Amino acid sequence: MKKCKITKKIVALTLMTAVTASSVAVSPTAAKKAEAATKYKAYLCLQTAKFTFRDEHNSSKFSSKLQNTTNKLSSAASKAKFKNVTMTKSKKAKTYTVSLTGLKSGVISKDGTFNTLFVDTAIPGSMKSKVTVTNVKVKFDGKTVKTFKKAVLTPDTGKTADFTQIQIINTWNSNVPKFSYTMPKKSIQITYTIKFK
């Protein structure tokens with residue numbers, strides 16, 4: 001009987017925590033504040049087939065450095081540097097570039113392929129329809145490997161997400177066109193043009 005009461009208390013506490021957490025996540029005040037912002041940050045994010053990654057900015061694992069919690073990274077990975085940008089909310093089209101430089105041989109070049117490669121932004125997912133992203137140029141080691149005239153943005157139609165992302169490669173999303181490439185040895189650069197409606 002005592003054990004049953006303890007179990008019920010744990011379940012009740014867990015449910016209460018879950019409800020509280022979800023309430024915080026969908027706070028309308030926070031959403032309105034984000035939509036009213038005049039500037040938004042953007043970040044280059046990725047995950048390779050061998051799980052070297054940089055998670056999106058709202059993840060608990062977000063870092064300014066490459067990580068791999070499954071396979072050990074070489075010490076050379078610490079030399080790699082991400083460049084983020086701050087975008088201005090403007091009806092005039094503006095061009096921005098995010099990048100990863102200082103890659104050394106073997107840091108990700110031997111990982112085979114990318115599971116994901118994308119530009120993560122602080123633009124709320126609810127604002128996706130209020131932005132237009134065009135002329136997305138993807139460069140590996142200084143050479144253009146792909147150009148998207150119009151970007152594939154998430155959240156996908158009919159779905160919700162906290163933030164808007166510019167998808168380049170996504171193994172699990174059929175909306176993102178596949179293209180052939182050789183893994184970068186030195187750098188990744190993504191340039192795009194964005195306009196707010």
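The structure displayed is predicted, hence computed values, not measured ones. Nothing fancy with the numbering, it's 1 onward along the sequence.
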Give the table of side-chain donor-acceptor pairs shorter than 3.5 Å for residues 133-142, with sequence neighbours excluded, one pair per line with atom names and distance.
unit_1	atom_1	unit_2	atom_2	d
D141	OD1	K185	N	3.1
D141	OD1	K186	N	2.6
D141	OD1	S187	N	3.0
D141	OD2	K185	N	3.0

Name all residues meeting the side chain to side chain contact (heavy atoms under 4.5 Å, CB included) criterion together with K39; count only those two or more places apart in sequence or in a different chain, and write none if there are none. T86, T88
With a 3.5 Å distance limit and no angle check, can you tell me whether N68 reaches the backbone of K50 through a side-chain donor-acceptor pair? yes
Members sharing V176's hydrophobic cluster, built from side-chain contacts under 4.5 Å between Ile, Leu, Val, Met, Phe, Trp and Tyr, are V152
N/O donor-acceptor pairs under 3.5 Å from side chains in residues 188-197, not counting sequence neighbours:
unit_1	atom_1	unit_2	atom_2	d
T191	OG1	T97	OG1	2.8
T193	OG1	T95	OG1	2.9
K197	NZ	S129	O	3.2

Audit row: Y40, F163, side chain to side chain contact (heavy atoms under 4.5 Å, CB included) steps and yes/no: CA-CA 11 Å; Y40 298 101; F163 298 99; over 6 Å; no
What heavy-atom pair brings L66 and A80 nearest, and what distance separates the two atoms? CD1-CB, 3.9 Å
Grouping I, L, V, M, F, W and Y whenever their side-chain heavy atoms are under 4.5 Å apart, do F53 and Y181 come out in a common cluster? no
Kindly determine whether K61 and T69 satisfy side chain to side chain contact (heavy atoms under 4.5 Å, CB included), including the steps that lead there. CA-CA 10 Å; K61 289 182 181 176; T69 52; 4.2 Å; yes
Residues in ring-ring contact (aromatic ring centres under 6.0 Å, His included) with F51, at least two apart? none
Please name all residues satisfying side chain to side chain contact (heavy atoms under 4.5 Å, CB included) with S75, sequence neighbours left out, ordered by chain then number. none
For the side chain of K94 and the backbone of M87, is there at least one donor-acceptor N/O pair under 3.5 Å apart? no
For residues 60-100, which residue pairs pass the ring-ring contact (aromatic ring centres under 6.0 Å, His included) check, not counting sequence neighbours? Y43-F62
Show me the side-chain donor-acceptor pairs of residues 101-124 shorter than 3.5 Å, one per line, residues at least two apart or across chains.
unit_1	atom_1	unit_2	atom_2	d
S109	OG	G106	N	3.0
D111	OD2	T48	OG1	2.7
D111	OD2	T52	OG1	3.1
N115	ND2	Q47	OE1	2.6
N115	ND2	T48	O	3.1
T116	OG1	Q47	N	3.2
D120	OD1	Q165	NE2	3.4
D120	OD2	H57	N	2.7
D120	OD2	H57	ND1	2.6
T121	OG1	I123	N	3.1
T121	OG1	T164	O	2.7

To the nearest 0.5 Å, atom NZ of K81 lies from atom NZ of K79 at 8.5 Å
If hydrophobic clusters are built from ILVMFWY residues whose side chains come within less than 4.5 Å, do L73 and M183 share one? yes
Which residues share a side chain to side chain donor-acceptor pair (under 3.5 Å) with S59, sequence neighbours left out: D55
What's the shortest heavy-atom distance between C45 and R54, and which atoms? CB-O, 3.3 Å
Test of understanding: with side chain to side chain contact (heavy atoms under 4.5 Å, CB included), list the residues that count as partners of D156, not counting sequence neighbours. T154, K159, N173, N175
Kindly compute the distance separating CG (D162) from CD (E56), expressed to the nearest 0.5 Å. 9.5 Å
